[in-house]
Amino acid sequence: MQRIIDDPALVVEDMLQGFVRAHPDLVAATDDPRVLRAVGAPVAGKVGIVTGGGSGHKPAFIGYLGRNMVDAVAVGEIFTSPSAAAFLNAFRAADAGAGVACLYGNYAGDNMNVKLARRSAEKEGIRVETVIANDDVPSAPRDEREKRRGVAGEVLMWKVGGARAALGGTLDEVIAAAQKAIDSTRSIGVGLTPCTIPAVGKPNFSIEPGMMEVGIGHHGEPGVSVEPLKPARDIARLMLEVILPDLPFERGDEVAILVSGLGATPVMELYILFDHLATIATEAGLSIYRPYVGNYFTSLEMMGATVTVMRLDDELKACLDLEADSVGLRQLPA
Amino acid sequence: MQRIIDDPALVVEDMLQGFVRAHPDLVAATDDPRVLRAVGAPVAGKVGIVTGGGSGHKPAFIGYLGRNMVDAVAVGEIFTSPSAAAFLNAFRAADAGAGVACLYGNYAGDNMNVKLARRSAEKEGIRVETVIANDDVPSAPRDEREKRRGVAGEVLMWKVGGARAALGGTLDEVIAAAQKAIDSTRSIGVGLTPCTIPAVGKPNFSIEPGMMEVGIGHHGEPGVSVEPLKPARDIARLMLEVILPDLPFERGDEVAILVSGLGATPVMELYILFDHLATIATEAGLSIYRPYVGNYFTSLEMMGATVTVMRLDDELKACLDLEADSVGLRQLPA
Amino acid sequence: MIPSQSFPASQGRVVIDALVTTIDDHAAMLSEIDGAIGDGDHGINMRKGFLMARDELPGQVDLSTGLTTLGDALLTRIGGAMGPLYGSFFVEMGGACAGLERIDGTTVGRMLAAGRAVVEDLGEARVGDKTLLDTLVPTAEAYQASLAEGASFSAALSVMAEAAERGKESTRELVARVGRASRLGERSRGVLDAGATSCWLLLTALAASMNELLAAEG
Amino acid sequence: MIPSQSFPASQGRVVIDALVTTIDDHAAMLSEIDGAIGDGDHGINMRKGFLMARDELPGQVDLSTGLTTLGDALLTRIGGAMGPLYGSFFVEMGGACAGLERIDGTTVGRMLAAGRAVVEDLGEARVGDKTLLDTLVPTAEAYQASLAEGASFSAALSVMAEAAERGKESTRELVARVGRASRLGERSRGVLDAGATSCWLLLTALAASMNELLAAEG
Ligand SMILES: Nc1ncnc2c1ncn2[C@@H]1O[C@H](COP(=O)(O)OP(=O)(O)O)[C@@H](O)[C@H]1O
Ligand SMILES: Nc1ncnc2c1ncn2[C@@H]1O[C@H](COP(=O)(O)OP(=O)(O)O)[C@@H](O)[C@H]1O
Ligand SMILES: [Mg+2]
Ligand SMILES: [Mg+2]
Ligand SMILES: [Mg+2]
Ligand SMILES: [Mg+2]
């Protein structure tokens with residue numbers, strides 16, 4: 001295990017300490033060591049945006065704390081949901097009286113911990129509404145969408161929710177925008193190598209050299225097929241063949257496309273993949289309003305990439321266009 | 001080789017196409033397929049900032065094209081200097097009559113190609129001055145500084161040069177600021193795994209599991225020692241023990257610290273490393289004016305990290321503080 | 001008819017220590033089992049939470065407070081699915097014996113029923129899904145049945161331990177339908193489920209420590 | 001005294017084709033040699049540049065234009081250290097025979113001298129550093145010496161090919177002092193240098209193609 005760490009059991013603690021120290025302009029610690037908040041949060045009158053999830057997905061989740069983005073994040077162990085207590089403390093850190101939109105991904109642990117935290121928060125008079133991202137198409141069939149996992153589409157959900165809140169939306173408006181964002185979004189991942197959780201010390205699943213796992217999840221959850229590794233052009237095509245018909249995206253749709261590396265895939269390759277995606281999407285009659293290419297939601301040192309497509313309307317475009325300042329997503333004023 | 005590519009011989013071409021398509025707000029193609037320019041470049045009256053180098057270092061080099069940053073980049077094959085013709089065309093693309101500051105790294109190929117390109121440019125009446133980054137301490141002894149390679153310190157050199165030009169500096173002023181930037185900067189890298197150039201298909205050097213190469217270069221150039229992999233705390237210490245005495249940095253110095261991953265090292269680990277660096281630097285009496293932690297200058301899917309420390313004065317601080325918009329470095333107005 | 005057996009609720013620490021110790025002692029084994037078809041961290045997660053919980057307990061604690069504190073610590077500290085499931089499990093078990101001076105067989109039956117209910121409610125898994133429910137549900141039922149058939153508290157505790165072992169072993173032949181191991185489909189057959197194994201360890205420790213306390217009563 | 005041998009400069013294409021073909025044919029070998037102590041791309045880089053250069057040439061071209069075009073293409077296309085070094089090498093070789101109707105032994109001597117000078121000037125390496133100079137410098141000198149001793153053009157070309165082979169082989173025992181291979185220090189000893197090998201291929205092809213042109217003259 002070729003890692004730059006100290007005690008493998010304490011990587012999350014150690015990382016958090018460095019993160020807060022590196023970004024004092026953007027993030028601050030709270031009384032709960034497993035909760036970070038954005039500098040300036042809670043913002044008076046603004047709906048609080050909260051998310052949370054397991055660690056190992058940099059820049060997700062804490063990298064999206066910031067201006068016009070997320071207000072507080074509950075931090076879990078590597079690939080493990082944060083505790084209910086952490087979610088509760090994140091709600092407290094983000095709430096300025098206007099309520100909290102908890103925008104998170106559909107994983108069993110997160111669902112349970114959010115459920116418990118939300119019960120406690122409401123006893124304290126903090127109103128919490130949730131949007132549960134389920135953009136990962138291969139994780140369940142179309143008629144069981146509620147079972148699908150949340151993946152890199154969460155980044156666009158946070159951008160939209162964060163912007164809608166910053167633009168003065170009420171809790172219901174923020175929730176409606178974030179729900180629309182994720183309902184308009186479809187994703188798929190392709191894995192080329194596994195990754196190793198430091199405390200475990202060996203890969204958490206395996207992919208043979210020369211093979212790829214189509215539809216893999218962010219923690220190595222099973223894909224729809226394991227097949228021989230193909231050229232980027234073919235990978236792009238098979239990814240879009242899964243996600244475009246699912247919404248379905250239709251001729252004339254304006255879309256955002258987000259290509260994220262899973263960690264160790266050189267960013268060069270994400271651009272190669274994006275080029276094919278853009279060509280195929282354009283051929284399918286989609287117009288790309290906003291592309292995002294980079295490491296937006298990773299899985300430690302896994303190799304591979306996820307592709308996310310979101311259908312836009314005027315509200316979603318306005319939300320994506322708003323300036324934002326966070327480690328993972330910075331957009332200057334237009 | 002688990003890669004998302006098409007023809008391994010054409011990865012640079014394919015990547016460039018996707019890059020231009022992904023960032024139409026920031027970069028534009030030129031008549032030379034191996035030269036990209038910033039949107040809006042050349043800027044009337046402004047000194048042009050040019051750099052160039054081998055590919056495989058994303059976001060370097062093209063990721064630093066943008067507002068208040070670099071105006072034109074010459075693009076080479078993977079880990080191979082761009083041609084003299086590409087440098088010449090980059091000079092042409094960046095020159096608005098105020099001359100060109102070519103800020104690049106000290107590699108034999110780059111030196112030769114810039115030398116030839118500069119000769120041709122001057123025949124055309126384009127004034128080109130150079131700053132050759134040599135921030136990599138382990139690559140040569142202190143009394144042979146002119147032999148040292150340029151590594152991640154180049155990012156800070158570009159930020160300073162780009163800002164100085166944007167702030168209206170003459171060519172001589174821009175060159176002086178960029179030269180001061182690199183003269184005030186020291187770097188060191190630690191490699192944990194090698195990487196594979198797609199067209200070659202096998203790792204370009206080897207590091208045994210459980211070992212690390214201290215002082216390794218961006219292309220696997222030899223380090224000062226190969227030793228058993230240590231905890232992050234000890235890695236941080238031995239890196240600073242090499243670079244702090246070299247300038248030397250002294251008690252009371254204000255510094256920028258840049259920690260860059262080499263590609264496949266999870267960003268989480270960069271924060272763990274940074275936390276120790278900040279502690280040790282603070283103990284040494286340095287005050288950290290600006291930290292940068294992320295993948296700023298990578299080497300395909302190499303594992304490891306580089307650490308760069310730059311001593312600041314008022315001019316360098318003003319240059320680092322200026323807003324900037326590029327793929328690799330975005331800073332909002334303060 | 002034998003006289004109803006019981007032990008003082010104030011001896012809670014003995015039970016809690018037994019629970020923590022078995023997780024601590026078997027952490028490596030649990031991770032290894034999880035590694036076969038899961039992500040290999042079950043022992044790490046559990047040990048971290050259980051050791052933290054023990055550190056928060058006073059030297060002497062009644063069973064209800066001890067279990068509630070343990071549950072709260074798991075809820076607060078370990079996250080994942082195990083935090084809320086085992087956390088709520090122990091919180092509910094503690095709640096079911098709150099205020100009692102002595103713990104008898106009927107109380108333990110109520111405790112198991114309460115714990116089982118919250119795990120089923122929160123986790124939405126079923127017996128046969130290859131989870132800790134495959135240990136918990138049949139064990140709670142066997143314990144209750146043996147009491148109903150007139151067994152003594154200590155005899156029912158032995159039934160509990162045996163049923164937990166059978167429940168754990170039953171997961172070997174199951175295909176995982178929830179959690180990470182469902183990744184493997186048919187390939188998840190043939191090995192134990194990690195959560196079912198930790199649940200067996202916990203219920204066995206519970207039974208053994210309570211039997212110890214009963215024996216001390218003479 | 002044999003009459004001075006020469007061939008028409010208009011036959012440049014024969015020489016250029018020989019140069020391109022040898023690189024194309026031996027690309028895998030060159031990469032493999034580079035792989036032992038360098039980064040394994042020497043053949044890839046060279047082939048890419050040489051094939052592009054050939055595509056830019058008209059069917060018929062005089063030697064000076066052909067070499068200049070080849071050199072320019074390398075300068076324009078392949079970057080690295082090889083682009084400027086071999087690029088300038090061929091540009092200077094082409095310059096040294098510009099405007100001539102026929103190419104004789106003395107001209108080739110001037111061409112080699114000009115090529116060698118620019119490589120030394122630009123690359124700042126020396127004989128013994130385990131680079132292409134270990135082939136180029138002794139070959140240029142041996143060729144010149146054989147002419148000075150009165151050898152015919154074709155005999156001097158044979159001397160060129162033999163000297164190039166010896167030069168290339170000499171790198172086997174050298175320790176790399178410049179370029180990537182210097183990474184390995186003592187460990188770079190015992191294998192050939194990639195650039196010295198490509199230089200041997202090029203000089204051998206140059207000699208063979210010129211000898212062929214001389215033979216065609218009858
Ligand atoms: N919904 C559920 N209900 C009951 N038990 C569950 C559920 N989901 C998972 N489990 C149990 O959790 C165990 C794995 O725990 P652990 O390894 O700590 O968490 P993770 O799977 O997040 O790594 C499984 O072996 C299974 O018994
Ligand atoms: N300064 C120099 N002068 C002459 N030849 C050089 C010099 N630097 C490198 N070389 C030659 O370049 C060869 C390697 O070329 P190549 O593999 O194409 O480039 P790179 O080393 O950039 O991958 C070496 O074998 C050596 O002969
Ligand atoms: Mg886990
Ligand atoms: Mg090379
Ligand atoms: Mg697990
Ligand atoms: Mg090479």
Side-chain angles (χ1 to χ4, degrees), chain A residues 1-7 11-12 14-19 21-23 55-56 58-59 67 190 192-193 195 207 209-210 212 229 231-233 235 259 263-276 278 291-295 298 300-301 303-305 323 325 327 330-333, chain B residues 1-7 11-12 14-19 21-23 55-56 58-59 67 190 192-193 195 207 209-210 212 229 231-233 235 259 263-276 278 291-295 298 300-301 303-305 323 325 327 330-333:
Chain A
M1 210 179 37
Q2 298 296 81
R3 308 305 269 268
I4 305 178
I5 58 173
D6 297 289
D7 183 344
V11 286
V12 174
D14 293 346
M15 172 275 290
L16 286 174
Q17 196 163 306
F19 190 81
R21 208 161 176 179
H23 304 295
S55 294
K58 286 265 135 356
R67 201 155 54 82
V190 167
L192 275 61
T193 68
C195 59
I207 300 174
M212 63 179 177
L229 184 54
R233 165 181 305 112
I235 297 175
V259 179
T265 282
V267 174
M268 152 177 269
E269 299 174 23
L270 305 180
Y271 286 106
I272 295 176
L273 183 65
F274 171 74
D275 191 47
H276 295 302
Y292 295 89
V293 181
N295 284 320
T298 63
L300 294 174
E301 82 290 11
M303 282 185 142
E323 66 175 287
D325 197 8
V327 172
R330 270 198 184 97
Q331 288 178 204
L332 275 82
Chain B
M1 207 179 39
Q2 298 296 83
R3 308 305 270 268
I4 304 179
I5 58 172
D6 298 289
D7 183 343
V11 287
V12 174
D14 294 346
M15 172 277 289
L16 286 173
Q17 196 163 306
F19 190 82
R21 210 160 173 178
H23 304 295
S55 293
K58 287 262 134 356
R67 200 156 54 83
V190 166
L192 273 62
T193 69
C195 59
I207 300 175
M212 64 179 177
L229 185 53
R233 167 181 305 111
I235 296 175
V259 180
T265 282
V267 173
M268 152 178 271
E269 300 174 24
L270 305 180
Y271 285 107
I272 295 176
L273 184 64
F274 171 73
D275 190 46
H276 295 301
Y292 295 89
V293 181
N295 284 320
T298 63
L300 294 172
E301 82 290 12
M303 282 186 142
E323 65 175 288
D325 197 7
V327 172
R330 271 198 183 99
Q331 289 179 203
L332 276 82

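Since we're looking at a predicted model, the values are computed, not measured. The sequence lines fix the lettering, A, B, ..., with proteins before strands; numbering per chain opens at 1.
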Report which part of [X] has an atom under 4.5 Å of a heavy atom belonging to chain B: side chain, backbone, both, or neither.
X	value
A:Val259	neither
A:Gln331	backbone
A:Ile5	both

Interatomic spacing from [atom1] in [X] to [atom2] in [Y] - rounded to 0.5 Å:
X	Y	atom1	atom2	answer
B:Thr265	A:Leu300	OG1	CG	11.0 Å
A:Arg67	B:Leu332	CZ	CG	6.0 Å
A:Ile4	B:Met268	CD1	CE	13.0 Å
B:Leu192	A:Glu301	CG	CD	11.5 Å
A:Met1	B:Leu229	CE	CG	8.5 Å
A:Met15	B:Asp275	CE	CG	11.5 Å

Under 3.5 Å donor-acceptor, A:Asp6 side chain and B:Pro231 backbone
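No, A:Asp6 side chain to B:Pro231 backbone: no donor-acceptor pair under 3.5 Å.
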Part of B:Phe274 within contact of chain A (heavy atom distance under 4.5 Å):
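Just its side chain gets close to chain A.
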Which region of B:Val327, side chain (C-beta onward) or backbone (N, CA, C, O), has a non-hydrogen atom less than 4.5 Å from a non-hydrogen atom of chain A, or is it both or neither?
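Contact with chain A: side chain only.
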Between A:Pro266 and B:Arg3, what is the shortest heavy-atom contact and its length?
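Closest pair (atom of A:Pro266, atom of B:Arg3, distance): CG-NH2, 3.6 Å.
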Can you see which heavy atom on B:Ala22 is nearest to which on A:Pro291, and at what distance?
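Taking B:Ala22 first and A:Pro291 second, the nearest heavy atoms are O-CG, 3.4 Å.
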Can you tell me which of B:Glu323, B:Met212, B:His276 forms the most heavy-atom pairs within a distance under 4.5 Å of chain A?
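If we count pairs closer than 4.5 Å to chain A, B:His276 comes out on top.
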Just give me the residue among B:Gly304, B:Gly263, B:Gly210, B:Gly294 that pairs up with chain A most often, heavy atom to heavy atom, under 4.5 Å.
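Heavy-atom pair counts peak at B:Gly210.
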If you count heavy-atom pairs under 4.5 Å with chain B, which of A:Ile235, A:Thr298, A:Val11 comes out on top?
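Between A:Ile235, A:Thr298, A:Val11, the count favours A:Val11.
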